Engineer: 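Could you have a look at this structure, given as C-alpha cells, before my questions?
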Amino acid sequence: MKQKFTLLLLSFCTTLFFGQGKMPIIISTNNTALVYTLNHKKQLTQLYFGKALQNANEYNLKSPNNLPAIITAGAGPVREPAFGVTHADHNPSLELVYVNHQTTQNGDIQETKIELKDPAYPFYITLYFKAYQKENVIEQWAVVKHQEKAAVTLNHFASAFLQLTANQYYLTHFFGDWANEMRIEETKLPEGIHSIQSKLGTRATNFDNPSFMLSVDQPASENSGEVLAGTLAWSGNFNLDFENIQYSEDFGNLLQVLPSINNYDSDYVLKPNTEFKTPTFIYTLSYKGKGQASRNLHHWAINYGVYHGQNHKRTLLNNWEATQFNFDEQKLTHLIENAHEIGVDVFLLDDGWFGNKYPRNSDNAGLGDWEPNKKKLPDGLPFLVDQAKKNKVMFGIWVEPEMVNPKSELYEKHPDWVLKLPNRETDLRRSQLVLDLTNPKVQDYVFGVVDKILTQNPGIGYIKWDCNRYMTNPYSPYLKDKQSNLFIDYTLGLYSVLNKLRQKHPNIELMWCSGGGGRAEYGGLKYADEFWPSDNTDPLQRIYIQYGYSYFFPMSIQAAHVTNWGNQPLKFKIDVAMAGKLGFDIQIDEMKPEEKELAKTAVQNYKRLETVINEGSLYRLKAPYNSHNASWMIVSPNQDKAIFYAYNLNVLFGDVFEPIKFQGLDSKKRYRLTEINLMQNQKPQVPQNNQTFSGDYLMKIGIPWYLNGSIKSSILELNAIN
Ligand code: GLA
C-alpha cells in the first residue's frame with residue numbers, strides 16, 4: 001500500500017515536470033522508441049522501450065516509473081551499476097542528475113545527447129544515441145569526463161542500460177572455440193545476474209561473442225516474437241550483464257541489460273579534463289522474430305557499421321592452406337597466375353614472407369621483423385606486386401603487427417616493448433608475445449610496419465590483419481603504476497593505430513582476422529571491410545559457423561574460402577563459400593579440368609550477384625541444427641532478384657525433407673528459377689529449373705525439397721520477369 005502511494009506521488013511530480021515542456025526525451029527509429037523522463041530527484045528514468053507510437057505526444061500518457069534508468073555505484077538501488085567512480089577525494093559513490101539534452105535529425109539518423117552530472121562533484125557523463133530510422137537500429141555510448149583536483153578511478157562504465165519487464169526471458173548466446181565458432185544456445189534466464197564475458201584482452205571473441213538475442217515470455221522463432229538483439233563494438237574484454245529480478249505482480253520480472261567493457265582488472269584511472277568514451281552498443285527491437293532482428297542489423301552494418309560496407313566485394317585466392325610457410329617466388333608467381341586463371345580479383349600472400357636473421361619458416365620465429373625473407377623472395381615484394389599487376393589481380397598481404405616472437409630482431413632490440421609480468425615465467429602462446437600497444441612508441445612502430453609496406457608498394461590493395469593469441473602476462477612496462485588501465489588502453493591503442501592507418505590509406509581493403517574468428521565484432525569492423533570467421537573451412541562445419549554469424553553479421557562480410565578441409569565434392573565447398581565472401585585457398589593445379597571450370601563459373605556468378613548478397617535481405621529458412629538440411633535466401637532491396645541456397649548435410653541417403661517455402665519475395669511479381677554453379681554437363685537438380693512462378697505461390701506453397709542423397713548443394717537464382 002505504502003509503495004503504491006509513493007508511486008502515485010512520484011507520478012504527480014513527474015507530470016509537473018512534463019508541464020514544463022522539457023520531457024520526455026524520445027529516442028526513436030521508424031518502429032521503436034526508447035523514452036526517458038525524470039523522477040523527483042531529476043534522475044533519468046526509462047519511461048518506455050518498445051514499438052514507437054504514431055503520436056509522440058501520447059508517451060506522456062504512460063505512467064512514469066520511479067526507477068532510475070541508470071544504477072550508479074554507492075548510491076541508490078543496490079543492483080549492478082552502470083556507472084561507478086571513486087572520486088579524487090576517495091568518495092566511492094556516484095549520483096547522476098539530468099542537466100540538459102538535445103535532439104537533432106540528420107537525414108536517416110536522429111541524434112540525441114543527454115548530459116548528466118554528479119550534483120556534488122565536477123564529474124559529468126554524457127549519453128549519446130544515434131537512432132537509424134530506416135534500419136530500426138540504435139547505437140548508444142557514453143562519454144565520461146571530470147574536472148576534479150586529481151585523477152578519479154572509474155570502475156563501472158556501461159555503454160547502455162536497458163530495462164525490460166516480462167514474466168520470463170530467453171537468451172540466445174553465441175559461443176565456441178577455435179575452429180568451432182558461433183555455436184548457438186538459447187536458455188531461459190534464471191533470476192540473478194547472468195553474464196557473457198571475455199577476459200582475453202586480444203582475440204577477445206575466441207570463446208564468446210559480444211552479441212545476444214533476447215526474447216520475452218517465450219522463445220522467439222525466426223519469424224515471430226519480440227526480440228532484442230544487441231552487439232557491443234569493442235575488440236577487447238567485454239561483459240554483457242543480464243540482471244533478472246522480481247519486480248511486481250503487475251509487471252513480472254525486471255531485466256536490466258548492461259553491455260560494457262569488462263571491468264575485470266580494469267579500474268580505469270582518468271585524469272582531469274580527459275575523456276573516457278565507452279564503446280557503442282548496437283541494438284534493435286524486432287517484432288517479427290530473430291530473422292527481422294538480423295536483417296535490421298545487416299542493413300545497419302552495410303550502411304554504417306562496416307568500413308566501406310557498400311563497396312564491391314572482391315573475390316580472392318589465398319596461399320595459406322595451399323603452401324603454409326613453404327613457398328618461393330616461383331611458387332607464388334604460379335599461384336598469382338592461377339588467380340588470374342580462375343578470375344578472382346585479389347591474390348593474398350599469407351604468413352611466412354618475412355624475417356631474415358630469424359626466418360619465418362614456422363610460427364616460432366620472425367614475427368616482428370617485417371622485411372621480406374631474402375631466400376624465399378630475393379626480389380622482395382615489388383617483384384610479386386608486379387607479377388600480380390601483369391596478371392591483372394590486386395596484391396594483398398598478411399600481417400600480424402601487434403605480436404612478436406621472442407626469436408626475432410625486434411624482441412632483441414626492444415625487450416621492454418612486450419607485455420610481460422615481472423618475476424614470473426613468461427607465458428608464450430603460438431610461440432609469441434603481445435606487443436605493448438599502450439605505449440605510443442609501440443603504436444608508432446605498429447602503424448609504421450603497415451604504412452611502410454603500403455607506401456613502398458603502392459600496388460598492394462589488400463591487408464589481412466591477424467592476431468593469433470590472447471593476452472596473458474598482463475603487465476605493461478609503459479603503464480608503470482597504472483596497470484589497471486592495461487586492458488582498456490591496449491584496445492584504445494589499437495584503435496588509434498587503425499585510425500591513423502585509415503586516414504593515410506583509406507582505400508585499402510582490410511580483412512579482420514584473429515586465429516580464426518577471434519575478433520568478430522563491430523569495434524574492429526569500423527576499420528575493416530570484412531572478417532575471417534574461422535580457420536575451420538570444412539564446409540560441413542562451416543555451414544554452422546556462417547549460419548551462427550549470420551544473426552549479427554551480413555553474409556557478405558564473412559570471408560569464406562574453398563580449401564582442402566573436408567572431403568566433400570568441390571561443388572559443395574564452392575556453394576558453401578559462395579554464401580559468404582567467396583575466396584579460394586587451394587592448389588588450383590590439383591583441380592580436375594571440370595572442377596576448374598566450375599570454380600571459374602562460380603567466380604563469375606559471384607561477381608554478378610555480389611550486390612544482392614551484400615545489400616539484400618537474408619531469410620534463414622532452415623537451420624542446420626536438429627536436421628540434415630539447411631537453406632536460406634537473400635532478396636535484393638527491390639525484390640527483383642533473389643539467391644536461394646540449399647544444402648543436404650546428410651551423410652547417408654534417403655531423407656525427404658519438407659517443401660521449401662520462400663520468403664521475402666514480392667507476392668505480385670513472377671520469378672524465373674535458374675539453378676547456377678552447375679558442373680559442366682550436370683543436369684539441374686531442381687525439377688522446376690527455368691520455370692516461372694508468382695512470388696505468392698513460392699511463398700505460400702513453395703517447391704518440394706529436391707536435393708536427395710548425401711552431401712548435396714544447390715544455388716538458385718530467382719529473377720523477376722516483366
Ligand atoms: C591464423 C589465421 C590463418 C592464417 C594463419 C597464418 O591462424 O587465422 O588464416 O593466416 O594465422 O599464420
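We count ligands from 1, going down the list as the structure has it; atoms in each ligand are counted the same way. All values below come from the heavy atoms of this structure, side chains included, with hydrogens, waters and symmetry mates left out. Predicted, not measured: the structure shown is a model, and the values here were computed from it.
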Engineer: Report the residues that fulfil side chain to side chain contact (heavy atoms under 4.5 Å, CB included) with Asn356, sequence neighbours left out, ordered by chain and then residue number.
Structural biologist: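 Counting only residues at least two positions away or on another chain, Asn356 forms a side chain to side chain contact (heavy atoms under 4.5 Å, CB included) with Glu371, Asn373, Lys374.
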Engineer: Charged N to carboxylate O below 4.0 Å: is that the case for Lys607 and Asp345?
Structural biologist: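 Salt bridge present between Lys607 and Asp345.
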Engineer: Nearest 0.5 Å, please: how far is CG in Asp575 from CG in Asn677?
Structural biologist: 5.0 Å
Engineer: Run the ring-centre check on Tyr551 versus Phe174 and record whether the distance is less than 6.0 Å.
Structural biologist: yes
Engineer: If we ignore hydrogens and angles and just use 3.5 Å, is the side chain of Arg542 paired with the main-chain N or O of Ser534 as donor and acceptor?
Structural biologist: yes
Engineer: Using every non-hydrogen atom in the two residues, find where Pro554 and Tyr522 come nearest and quote the distance to one decimal.
Structural biologist: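 Minimum heavy-atom separation between Pro554 and Tyr522: CD-OH, 3.6 Å.
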Engineer: Give the residues near ligand 1 by chain and number, with the criterion being a heavy-atom distance under 4.0 Å.
Structural biologist: Trp320, Asp350, Asp351, Trp398, Arg430, Lys464, Asp466, Asn468, Cys513, Gly515, Gly516, Trp532, Asp535
